[in-house]
Q: 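Quick one: the structure is below, questions incoming.
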There are 2 protein chains.
Amino acid sequence: MGNKKGNITIYDVAREAGVSMATVSRVVNGNPNVKPATRKKVLDVIQQLGYRPNAVARGLASKKTTTVGVVIPDISNPFYAELTRGIEDIATMYHYNIILCNSDLKQMKEIQLIETLLEKQVDGLLFLGGAITEDHRAIFSATPVPVVLAATKDDKNELPYVTINQIEAAKAATSILIEEGNKQIAYIGVPLTDSVTGYPRYQGYMKSLDENRYAFDENLVEIGNGRYLSGYEAMKNLLIKNKNITSVFVATDEMAVGAIHAALDQGLSVPKDISIMGCNNIPLAAQVRPLLSTISVPLYDIGAVAMRLLTKYMNEEDIETSQVILQFDLELRDSTRIREL
Amino acid sequence: MGNKKGNITIYDVAREAGVSMATVSRVVNGNPNVKPATRKKVLDVIQQLGYRPNAVARGLASKKTTTVGVVIPDISNPFYAELTRGIEDIATMYHYNIILCNSDLKQMKEIQLIETLLEKQVDGLLFLGGAITEDHRAIFSATPVPVVLAATKDDKNELPYVTINQIEAAKAATSILIEEGNKQIAYIGVPLTDSVTGYPRYQGYMKSLDENRYAFDENLVEIGNGRYLSGYEAMKNLLIKNKNITSVFVATDEMAVGAIHAALDQGLSVPKDISIMGCNNIPLAAQVRPLLSTISVPLYDIGAVAMRLLTKYMNEEDIETSQVILQFDLELRDSTRIREL
DNA sequence: CTGTTAGCGCCTTCAT
DNA sequence: ATGAAGGCGCTAACAG
């Protein structure tokens with residue numbers, strides 16, 4: 001069976017079934033214009049020969065690969081892992097596969113990855129992570145396939161995206177601390193140059209202070225890199241500079257947990273002595289003691305909705321909204337004194 | 001520039017540069033047999049035209065796609081996320097991309113994913129997770145491309161794999177608890193039907209007991225699903241059935257952390273009252289208090305080495321060892337009384 | 001060093 | 001309902 005060397009092709013099936021390649025192609029692709037009898041015959045031969053369609057050839061001929069490129073900062077970061085799961089589930093649902101690439105937030109790498117993905121003729125691109133710069137916009141605008149941003153936004157609103165309102169999320173978190181009656185509210189964030197969460201969350205913090213007539217004090221602000229250890233260090237510094245703080249809003253859960261532990265190591269009790277709010281609600285937040293109060297960001301959904309939006313673009317369906325803002329939630333647990341609204 | 005409709009192709013570049021397609025192909029592929037002058041000319045035209053090679057066409061012609069398929073149980077599980085990072089890094093290093101698929105450990109899904117991946121003509125397959133059954137072996141043996149297992153092994157040694165010795169890892173963990181002088185050593189594992197970690201780690205636990213003349217007591221054994229909550233429940237049950245246990249070996253870190261918290265909630269002190277050993281050393285282990293003592297499994301390396309091995313197969317290099325057992329380490333932190341050897 | 005010529009395996013009009 | 005034929009964009013001998 002099959003031809004001499006190599007794989008068995010649509011041609012082999014056609015010959016064996018006594019029909020043309022076109023007919024085989026039709027049954028493989030579910031085209032209804034095939035007489036049931038011949039369809040059955042072809043299907044039998046396919047079965048018997050163990051024919052496996054070559055998606056690369058199909059891609060070349062049809063100009064569709066049913067695969068999308070996903071550029072992500074770091075899959076080992078639980079934040080992105082959860083997002084990716086949402087993406088992959090919906091991709092599978094719509095019969096797409098994803099090529100996953102880690103960018104480490106390096107712009108050069110991001111650009112290079114996009115280029116590679118386009119060479120591979122992906123049908124669409126999902127971009128998560130870093131800030132969108134002019135360079136990105138230039139590339140994306142020249143891209144032959146649709147692009148959707150997830151968990152980040154385009155400040156110029158030129159690109160479709162799905163995310164949450166970071167400013168409001170940070171405001172909500174800060175407000176909880178204000179409601180608790182803390183006299184001072186410290187902030188541990190990520191670099192303000194990070195326009196995705198760094199700057200917006202800082203803005204939200206500031207806004208909340210402002211609206212509630214709290215004075216801003218730069219000694220109450222520390223910047224980390226988002227990960228556990230930097231949260232630990234940041235908290236240590238905060239405690240050195242200011243013995244009396246009773247609350248901190250930390251821009252990422254990992255840092256927040258680090259902050260809790262730094263406070264604990266200093267002999268402080270959380271939340272009795274110091275109240276700590278995180279942000280994102282990654283699994284870790286519910287796996288530590290005290291349980292972390294945090295802003296619940298719908299990571300899985302952001303990924304899922306972004307992928308769904310991308311399928312609409314790829315499918316040239318009508319798009320009502322190309323910029324989606326998902327809701328976040330307050331998840332008040334045991335690291336704040338207020339535990340419910 | 002370019003042809004009327006659609007993309008600019010190698011043909012356009014050839015025409016514009018006044019050379020043949022073959023020559024353009026040569027410079028694009030870094031073939032040295034091109035006069036520097038013409039190479040430059042071609043490169044210029046490529047630049048000027050913004051030519052982007054079509055990897056799908058190349059794949060069809062060359063029968064190589066430089067992409068590999070990765071079948072993984074669940075990317076949102078930190079254990080696999082870390083492994084995947086190792087895979088992707090090495091893949092990138094060797095100029096491969098990865099198509100990532102979540103199987104949720106469902107055999108039907110696994111098989112279907114493999115089929116899809118093969119249709120897409122991946123150059124190789126990396127399979128992680130579930131136990132290898134006869135069905136798997138049948139599929140893999142009929143696969144036209146190399147397959148490497150990661151973090152799992154083929155009991156029949158027919159397939160290449162890279163993992164650690166799960167039995168020895170569990171033995172080492174249990175031994176620590178024995179060295180501490182605990183009279184009883186409890187075990188919280190995953191189902192024994194899981195032949196990847198469930199059964200082997202249970203075996204290791206048993207072996208260690210046996211070699212040290214500890215009596216086996218089924219009341220000291222609980223089975224969970226590997227995740228935090230089930231560890232918490234398991235520990236609660238253990239404590240109900242047996243008030244006096246002073247040590248537990250828990251087969252996964254997430255469950256171990258759950259176990260710690262269950263003990264804490266029961267008013268016990270860890271490790272003073274009860275000593276807890278985890279296994280895997282995922283980031284979580286170093287982000288809780290007390291810091292979790294655990295077996296450090298080189299997750300990233302398993303992924304990296306597996307991918308490297310796969311490149312060797314795809315490249316038809318000589319393979320010295322197709323079955324690689326990586327070393328694990330003892331990571332003694334604060335949840336055990338013994339904190340160093 | 002460079003050009004010519006076949007395909008790679010499939011889809012897709014266009015006829016029939 | 002089915003077949004014939006021309007690409008899709010590129011690589012890979014084979015000549016020269």
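Computed from a predicted model, the values in this text were never measured in an experiment. Labels below follow one simple rule: chain letters A, B, ... track the order of the sequence lines, proteins then strands, and each chain is numbered from 1.
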Q: Is there a side chain to side chain donor-acceptor pair (under 3.5 Å) between A:D135 and A:Q107 once you walk through the steps?
A: CA-CA 9 Å; A:D135 287 339; A:Q107 183 164 329; 2.9 Å; yes
Q: Grab the CG-P distance between B:D12 and D:dG9 for me, whole Å please.
A: 9 Å
Q: Starting at CG of B:N31 and ending at P of C:dG3, how long is that distance when rounded to a whole Å?
A: 13 Å
Q: Could you give the CG-to-P distance, from B:N54 to C:dG9, as a whole number of Å?
A: 17 Å
Q: If the condition is side-chain contact (heavy atoms from CB on, under 4.5 Å), which residues does A:R39 pass it with, not counting sequence neighbours?
A: A:V27, A:V34, A:L43
Q: Measure NZ/A:K63 against C1'/C:dG9 and give the value in whole Å, please.
A: 15 Å
Q: Using a 4.0 Å heavy-atom cut-off, write out nucleotides 11-16 of chain C from 5' to 3' as B (base contacted by protein), S (sugar-phosphate only) or - (no contact).
A: BB----
Q: Is there a side-chain polar atom (N or O) of A:S20 under 4.0 Å from OP1 or OP2 of D:dT2?
A: no
Q: In residues 33-43 of chain B, which ones come under 4.0 Å of DNA chain D, going by heavy atoms?
A: none
Q: Any sub-3.5 Å donor-acceptor pair from A:T84's side-chain atoms to A:Y80's backbone N or O?
A: yes
Q: What residue pairs, at least two apart or across chains, pass side-chain hydrogen bond (donor to acceptor under 3.5 Å, both in side chains) with a residue in residues 136-152 of chain A?
A: A:E110-A:H136, A:T133-A:H136, A:E134-A:R137, A:R137-A:D154
Q: Given atom CG of B:L60 and atom P of D:dT11, what is their separation to the nearest angstrom?
A: 11 Å
Q: I'd like to know whether CD of A:E317 has more than 12 heavy-atom contacts from other residues, nucleotides or ligands below 6.0 angstrom.
A: yes
Q: Measure from CZ on A:R52 to P on C:dC10 and round the result to the nearest Å.
A: 12 Å
Q: Whether A:D104 and B:R85 form a salt bridge (side-chain N of Lys/Arg under 4.0 Å from carboxylate O of Asp/Glu) is what I want to check.
A: yes
Q: Report which part of the nucleic acid B:V56 touches: base, sugar-phosphate, or nothing (heavy-atom distance under 4.0 Å, all strands).
A: nothing
Q: Hey, do the aromatic rings of B:F127 and B:F140 have their centres closer than 6.0 Å?
A: yes
Q: C:dC10 P sits how many Å from A:I46 CD1, rounded?
A: 10 Å
Q: Can you list, pair by pair, the side-chain donor-acceptor contacts under 3.5 Å of residues 305-313 of chain B, counting residues two or more places apart and other chains?
A:
{"unit_1": "B:R308", "atom_1": "NE", "unit_2": "B:Y94", "atom_2": "OH", "d": "2.8"}
{"unit_1": "B:R308", "atom_1": "NH1", "unit_2": "B:T311", "atom_2": "OG1", "d": "2.6"}
{"unit_1": "B:T311", "atom_1": "OG1", "unit_2": "B:R308", "atom_2": "O", "d": "2.5"}

Q: Give a yes or no on whether the backbone of A:T65 and the side-chain of A:D123 come within a donor-acceptor separation of less than 3.5 Å.
A: yes
Q: For B:R15 and D:dG9, what is the distance between atoms CZ and P respectively, to the nearest whole Å?
A: 13 Å
Q: Examine distances only and state if a side-chain atom of A:T321 and a backbone atom of A:Q323 form a donor-acceptor pair shorter than 3.5 Å.
A: no
Q: Using the C1' atoms of the five pairs at each end, what is the angle between the end axes of the helix from C:dC1-D:dG16 to C:dT16-D:dA1, to 10°?
A: 30°
Q: Looking just at side-chain N and O atoms, do A:K120 and B:T66 make a donor-acceptor pair shorter than 3.5 Å?
A: yes
